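Note that the structure is predicted; figures quoted are calculated from it, not measured. Sequence positions, counted from 1, serve as the residue numbers for this chain.
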Amino acid sequence: MILEEPGRRRWERAQAAELVWWQNWSRLPFYRNHSFQEHWTRVVSDLIGDPEAVPPCTIVEVGCGPHGIVRYLFKSARFKLGVDPLLCR
């Protein structure tokens, strides 16, 4: 996909804002006692049932950020991959 210039600038601003959030999230009061693992276990369980009951397969999470759910869930997966454009920053 090729973005036109206004769309590209908007995407770059959004990515910059998200990067700042991820760099500072742990300082926000809400996240001081937050467990990403518990949160995403509840969310995924509501969507698909027990995430550990998923048959062994490949799990790909697109837009995972530094705390993607593949990090915590789907222990029986043969292969887990988290992809995010900001992972290298």
Side-chain angles (χ1 to χ4, degrees):
M1 174 175 79
I2 299 174
L3 293 174
E4 299 294 325
E5 192 54 34
R8 181 169 202 56
R9 285 193 306 260
R10 181 178 178 192
W11 185 83
E12 289 170 352
R13 284 194 310 268
Q15 292 298 292
E18 184 173 350
L19 180 61
V20 168
W21 188 89
W22 278 115
Q23 290 169 336
N24 296 294
W25 71 269
S26 63
R27 295 184 206 130
L28 298 171
F30 174 80
Y31 292 102
R32 289 206 178 106
N33 295 313
H34 181 73
S35 167
F36 280 97
Q37 182 171 0
E38 289 175 19
H39 170 75
W40 285 114
T41 298
R42 277 193 312 273
V43 170
V44 172
S45 294
D46 287 347
L47 291 172
I48 65 168
D50 181 5
E52 301 314 323
V54 172
C57 59
T58 298
I59 304 291
V60 178
E61 180 183 5
V62 178
C64 64
H67 287 281
I69 63 174
V70 296
R71 180 179 185 177
Y72 310 111
L73 303 178
F74 308 108
K75 291 178 179 75
S76 64
R78 289 190 181 124
F79 182 75
K80 299 190 291 185
L81 175 66
V83 179
D84 193 292
L86 297 176
L87 283 179
C88 296
R89 294 186 180 184

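- Hydrophobic clustering (ILVMFWY, side-chain heavy atoms < 4.5 Å, transitive): L47 and V60 are in distinct clusters.
- By the criterion of side-chain heavy atoms lying less than 4.5 angstrom apart, applied directly or through intervening Ile, Leu, Val, Met, Phe, Trp or Tyr residues, I69 is not grouped with V62; the two fall into different hydrophobic clusters.
- Contact between S45 and P51 at its shortest, heavy atoms only, is OG-CD, 3.4 Å.
- Heavy-atom minimum distance, D84 versus E18: OD2-OE2, 4.5 Å.
- Between W21 and W25, the ring-plane angle classifies as parallel under the 30° and 60° cut-offs.
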Dump the intermediate steps for side chain to side chain contact (heavy atoms under 4.5 Å, CB included) on Q15 and E12, then the final yes or no. CA-CA 5 Å; Q15 292 298 292; E12 289 170 352; 5.7 Å; no

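- Every residue two or more places apart in sequence or in another chain was checked for a side chain to side chain donor-acceptor pair (under 3.5 Å) with Q37, and none qualifies.
- Within 6.0 Å of CH2 in W22 there are more than 12 heavy atoms belonging to other residues, nucleotides or ligands.
- A77 approaches I59 most closely through the heavy-atom pair CB-CG1, 3.7 Å.
- Between L73 and E52 the shortest side-chain heavy-atom distance falls below 4.5 Å.
- Linking ILVMFWY side-chain heavy atoms closer than 4.5 Å, directly or via other members, places F30 and V20 in two distinct hydrophobic clusters.
- Y31 and V43 end up in the same hydrophobic cluster when Ile, Leu, Val, Met, Phe, Trp and Tyr side chains are linked at under 4.5 Å.
- With R32 contributing its side chain and R27 its backbone, the two residues share a donor-acceptor pair below 3.5 Å.
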